[in-house]
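All remarks here apply to the structure that follows.
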Number of protein chains: 2
Amino acid sequence: MSTVLVRFSEARTRTPEETLRKIERPPTITDVAALAGVSAGTASKALNGRGALRPETRQRVHQAAEQLGFTGNAAARALGTGRTYTVGMITTDSIGRFSIPLMMGAEDALGAGRVSVFLCDARDDPIREQYYLRTLLSRNVDGLIVTGRRTQARPPIATSLPVPVVYAFISSDDPADCSVVPDEADGAERAIRHLLSLGRRRIAHVTGPEHHHSARVRAGTTEDTLAGEGLALVVPTMFGEWSEAWGRQAAGILLSTATGFDAVFCGSDQIARGVAETLRAAGRHIPQDVALVGFDNWDVMVDGCQPPLTSIDMDLEGIGRTAAEMLLDAINGSPVPGRHRRPCRLVPRTSTAVG
Amino acid sequence: MSTVLVRFSEARTRTPEETLRKIERPPTITDVAALAGVSAGTASKALNGRGALRPETRQRVHQAAEQLGFTGNAAARALGTGRTYTVGMITTDSIGRFSIPLMMGAEDALGAGRVSVFLCDARDDPIREQYYLRTLLSRNVDGLIVTGRRTQARPPIATSLPVPVVYAFISSDDPADCSVVPDEADGAERAIRHLLSLGRRRIAHVTGPEHHHSARVRAGTTEDTLAGEGLALVVPTMFGEWSEAWGRQAAGILLSTATGFDAVFCGSDQIARGVAETLRAAGRHIPQDVALVGFDNWDVMVDGCQPPLTSIDMDLEGIGRTAAEMLLDAINGSPVPGRHRRPCRLVPRTSTAVG
DNA sequence: GAAACGAAGGAAACCGGTTGCCTCGCACAC
DNA sequence: GTGTGCGAGGCAACCGGTTTCCTTCGTTTC
């Protein structure tokens, strides 16, 4: 028995010299406690502001912790308290242009809450998705953020998880889940109202594939907004692809068939860029002859475009941040279920400048 | 004493019915052990292939684990073994176009090794960087990957860390550190040799700012490669910015001053796109009159360009993957110090097509 | 038939931080 | 002088998995 105790004590405590010397192993709370002349439990209470301690003792412990550069062992803390201060972020399709700002926003909000993020890229593969889900759960994450490239609602990643989930950009088709999504209808309406405010009345709409949720929503709102003013598109919505090539092609069609148009609202900046190129090549001046509005406010596109492109910004970073904040709320016991739509913002540039 | 034992047993074991019923709390190894009719220690040995157990017992434990969906508590495992099977990935500047493929490659290689990734975005802020470093260390990551936007060597993120570090894309200026970087000189040489193989001899080079490491390296190799063939650039390397606007401007200068040129090698795809646009507008045909090569092989740029752009691919994903593999090696005790250059790849497209 | 050996599995220490409970000692009241 | 109350801090259980040591068999050997 005494042998055991001796070994125990050898393993747990160090002499003050040892403690102050450079030590390879990171300092434990026992080291801090020893240096402050208190027990480990007391040290813990001092550092966490719990228990009934003399201010002077608390101070001494804090000083010892600082001196040793004590940060604490996250695994041990997690084991005891059940909270890991980590969340998992799963991008259902690959990490791409849309996921990045979302991730940055989320990571920003979470980092401020001293929460670390596990990054998982499921690459559109349900098997990878479930693998990551299991991994994250076995790591006892406090919550999950699910993101993806499409705004269309998707089936929940799982039913009855032990931790809260927030969907960002994409949404769950279970209305009881918490989702934070851009209000794309709002974005489309802003674009149209902006064009109307410039006096444009003969507007065309070129966008992505009809089976794509975003394309349908934006087109629908575009038509509805015009209808509300007693107007209509000069030609029916032109569905195609999310590419510059389609933008160029569509502009060609417009030039050859439309009886006249003074504005084009495009479903993406890439499409808008293609449209701009072809219109310019055909001698149409932007914005004098044709005003042009894109969607996404993607820097390299709006800046590379000639002239610089007015566009709709979905504030992806804000969506990521909001999602993270809602996740933190849910973790702390105040979930905010439902689909939360966040407004878009119109960023005016030369392509719709007046004069 | 007996009270203690009773409480202990209440907390630790569940009746078989409880165990098989839907339980909110994830199953522990004690649950598995109980279901298999062995002790927790034996269950651990069975699942980890250690100890001396009858094959039939091992089998029974595995079956019980499967039945309960046992994955194990990562924090507990980490606490006991000291290994967390996590690594931290710090992007020194913001997550962007270059970081993403790197991250994807690294995450891919690590995920295959059952290692999870903590994502940290230091946003060019040394304070954030050190904050993340401390956080990651207190989480006992097994290793670190440091990435960033620039290829230029940077000071080591810290001296004498308790875990291995691998730099990806960027490199540490301590040659003893392990860095995996693209061989940009190789990329530039491939571009020039490609143009030479097409019979082009009057080559111009338009690139980014002279103070930028990548621009200098690529320009230097461009000139050296030409010199090796007894040739020189038609005009000295044109340093500017990494933007389409600069590409357009540079092309304008070329058209007005150069006595003649049949190829332009650009330091980035964005520059190349700007060059292409201006040349086309001036009536020069690509590739017939002027062959064009970019750098980065950035999909939206090379595909959006007219015509599609031949470009140099640095294989960022491969760099990320290699970095992760080297980190895993280092974690397992076989570090491979030094700066590792990985070759580039030329991706031919219409902008240098023959005929 | 007893000693020796090895296979199989259990008991408990251990990782490090947290927390409930208990003790100690001092101050104050009766 | 004894009792009560409370402030301060220590002790040890606990989280869940791993690992070391030890016990308990059954089998072999002389």
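The analysis underlying the following values was restricted to heavy atoms, covering all of them including side chains, and did not include hydrogens, waters or symmetry mates. Protein chains get the first letters and strands the later ones, always in sequence-line order, with residue 1 at the start of each.
When the P atom of dA8(D) is taken as reference, atom CZ of Arg58(A) falls 10 Å away, rounded to whole Å. Atom OH of Tyr85(B) is separated from atom C1' of dT18(D) by 12 Å (rounded to the nearest Å). Rounded to a whole Å, the CZ atom of Arg77(A) is 17 Å from the C1' atom of dC14(D). If you measure from atom CZ of Arg83(A) to atom P of dC15(D), you get 20 Å, rounded to the nearest angstrom. We find that CZ of Arg50(B) is positioned 17 Å from C1' of dG9(C), with the value rounded to whole Å. Distance, Asp31(A) CG to dG17(C) C1': 13 Å, rounded to whole Å. Remark: P of dG17(D) and CG of Leu47(B) are 10 Å apart, rounded to the nearest angstrom. Residue Leu53(B) contributes atom CG, which lies 11 Å from atom C1' of dG10(C) at whole-angstrom precision.
At least one side-chain nitrogen or oxygen of Thr57(A) sits closer than 4.0 Å to the OP1 or OP2 atom of dG9(D). Residue Asn48(A) places no side-chain N or O under 4.0 Å from the OP1 or OP2 atom of dG17(C). Distances shorter than 4.0 Å separate none of the side-chain N or O atoms of Arg54(A) from OP1 or OP2 on dG7(D). The side chain of Thr30(A) contributes no N or O atom lying less than 4.0 Å from OP1 or OP2 of dG16(C). A close approach under 4.0 Å does not occur between any side-chain nitrogen or oxygen of Thr42(B) and OP1 or OP2 of dG9(C). Side-chain nitrogen and oxygen atoms of Asn73(B) include none within less than 4.0 Å of the OP1 or OP2 phosphate oxygen of dC15(D).
The residue among Ser39(B) and Ala76(A) whose nearest nucleotide of DNA chain C is located toward the 5' end is Ser39(B). Across the interface with DNA chain C, nearest-nucleotide mapping of Gly80(B) and Glu56(B) shows Glu56(B) to be the residue nearer the 5′ end. Judged by closest nucleotide on DNA chain D, Ala52(A) is the one of Ile29(B) and Ala52(A) placed further toward the 5' end.
Just one residue in the list Leu102(A), Leu110(A), Val165(A), Ile90(A) forms a side chain to side chain contact (heavy atoms under 4.5 Å, CB included) with Ile145(A), and that residue is Leu110(A). The only member of Leu53(B), Thr57(B), Val61(B) that meets side chain to side chain contact (heavy atoms under 4.5 Å, CB included) when paired with Lys45(B) is Leu53(B).
Side chain Lys45(A) to base dG20(C): a donor-acceptor pair is found below 3.5 Å.
Base engagement by Gly41(A) is indicated by at least one non-hydrogen atom pair under 4.0 Å involving a base atom. Looking at heavy-atom distances under 4.0 Å, Thr81(A) makes contact with sugar-phosphate atoms alone, never a base.
A distance-only check finds no donor-acceptor pair linking the side chain of Asn48(B) to the backbone of Arg50(B) [under 3.5 Å].
Using a 3.5 Å distance cut-off with no hydrogens or angles, the side chains of Ser39(A) and Thr42(A) do pair a donor with an acceptor.
Remark: Arg83(A) is positioned above the aromatic ring of Tyr85(A), its terminal NZ or CZ atom under 6.0 angstrom from the ring centre and at most 45 degrees off the axis.
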